[in-house]
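Sequence lines set the chain letters: A, B, ... in the order given, protein chains first and strands last, and positions in each chain run from 1. Source: prediction; values computed, not measured.
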2 protein chains.
Amino acid sequence: MKTVNMKRNHSIKRDRILELLQTTLEHPTADWIYERLKKEFPDLSLGTVYRNLRILLDEKKIITIRSAAGHDRFDADLSSHQHVVCEKCGKVVDILMNLDKSSLHRLEEKTGFSLASPRISISGLCRDCRLDKSES
Amino acid sequence: MKTVNMKRNHSIKRDRILELLQTTLEHPTADWIYERLKKEFPDLSLGTVYRNLRILLDEKKIITIRSAAGHDRFDADLSSHQHVVCEKCGKVVDILMNLDKSSLHRLEEKTGFSLASPRISISGLCRDCRLDKSES
DNA sequence: AATAAGAATAGTAATCATTATTAATTTTAT
DNA sequence: ATAAAATTAATAATGATTACTATTCTTATT
Ligand SMILES: [Mn+2]
Ligand SMILES: [Mn+2]
Ligand SMILES: [Zn+2]
Ligand SMILES: [Zn+2]
């Protein structure tokens, strides 16, 4: 059968990182992944998580979402969708906006940017952070 | 006349940083501002630029735009508009999308996020970076 | 103008997320 | 079995940003 899917990747840790990203809605940080997989691989190092995330990025198997709140977040869902990002805590939630194809194309012409697979993120404030009056 | 506009801020450097941001379409980085104002204030230090940018942010006189490419960028245009951001070099260009008010509200209800003054950025690839084959 | 109190600064050190290095280990190919 | 290639843990380095501090500049008060 499909040998392409049979391709054996000799890095079981990389496999698990990708798998973890594919089976969560969390849009995790590198630390989250590290803490999670340390139970599975007690000798895991944070550098390995970062290095493999970078490899997966280069292979275009995942994407990054930057937030005003420190840590980068990662997503293995490559389907066309957008993100709401909390500018205080960095939490990311998937959303779906129907993007007008033609107006996107107009944007490309106007700006000179290629928006082939545009990453759109809307930053706001999540409920937790809104209610958190610890420091407004 | 309007005394509110007469309020004298005793930090001439802070004033110039804000002024610079208000009179450029560049969405500059801290470094850009530093290099620019060093001609005017030869003793300027980069720390002062960062500190004043943070103060202006706290005062909500400017906003930050994060990019995949290292440096943060700043914008003193607080009118409702959006940004296209190059994921390679970080260049930022203003755009205007007419956001459906009601669908934004629906997003708020669905996600629990408050999107009162949402910052929307679309990441793509600018023309320069697209043509730059130095390292694809 | 002299003086004191507060604000801002330059210069420098510290922080923190991420990336690079390296020597050792593991996997694959021969 | 052996050699080449890939991966790793541990650690050091990087780079953007922030914090600290002693000094200088502003403003208010005499
Ligand atoms: Mn997602
Ligand atoms: Mn703008
Ligand atoms: Zn939040
Ligand atoms: Zn670019």
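- When heavy atoms are screened at a 4.0 angstrom cut-off, A/Arg54 is found touching the sugar-phosphate backbone but no base atom.
- In this pair, B/His27 and B/His83 present their aromatic rings perpendicular. The plane angle is above 60°, beyond the 30 to 60° band.
- Using a 4.0 Å heavy-atom criterion, one finds that A/Asp31 contacts no nucleic acid atom at all.
- Side-chain atoms of B/Arg106 and B/Ser103 include no donor-acceptor pair closer than 3.5 Å.
- Put simply, A/Ser11 has a side-chain N or O that comes within less than 4.0 Å of OP1 or OP2 on D/dT8.
- Distances were taken from every side-chain heavy atom of B/Asp72 (C-beta onward) to each of C/dA10, D/dA9, D/dT17; the shortest belongs to D/dT17.
- The B/Asp43 side chain lies nearest to C/dA10 when the options are D/dA16, D/dT8, C/dA10.
- Side-chain N/O atoms of A/Arg51 include none lying less than 4.0 angstrom from OP1 or OP2 on C/dT19.
- Between B/His10 and C/dA7, a side-chain N or O to OP1/OP2 separation shorter than 4.0 Å is absent.
- Rounding to whole angstrom units, NE2 of residue A/His71 and C1' of D/dA16 are separated by 15 Å.
- Checking A/Ile62, A/Asp77, A/Asp75 one by one against A/Leu21, the side-chain contact (heavy atoms from CB on, under 4.5 Å) holds for a single residue, A/Ile62.
- Salt bridge A/Lys13/A/Asp43: present, at least one basic N to carboxylate O contact under 4.0 Å.
- When rounded to the nearest whole Å, the span between CG of B/Leu44 and C1' of C/dG11 equals 12 Å.
- In this entry the distance linking CG of B/Leu46 with P of C/dA14 reads 18 Å, nearest Å.
- One interatomic measurement links the two molecules: CD1 of B/Ile55 to P of D/dT18, which rounds to 12 Å at whole-angstrom precision.
- Atom-to-atom, CG of A/Asn52 to P of C/dT18 comes out at 15 Å; the value is rounded to the nearest Å.
- Listed nucleotides: C/dA8, C/dA17, C/dT9. Nearest to the side chain of B/Arg14: C/dA8.
- Listed nucleotides: D/dT18, C/dA17, C/dT9. Nearest to the side chain of B/Thr48: C/dT9.
- Atom-to-atom, OH of A/Tyr50 to C1' of C/dT18 comes out at 6 Å; the value is rounded to the nearest Å.
- A salt bridge links B/Glu19 and B/Arg16; the closest N-O separation between the charged side-chain nitrogens and carboxylate oxygens is under 4.0 Å.
- In this structure, B/Ile17 places its CD1 atom 11 Å from C1' of C/dT9, rounding to the nearest Å.
- Atom P of nucleotide C/dA10 and atom CZ of B/Phe41 are separated by 10 Å, given to the nearest angstrom.
- For the pair A/Gly47 and B/Phe74, both in contact range of DNA chain D, the more 5′-proximal nearest nucleotide belongs to A/Gly47.
- The phosphate of C/dA10 has OP1 or OP2 within less than 4.0 Å of a side-chain N or O from B/Lys13.
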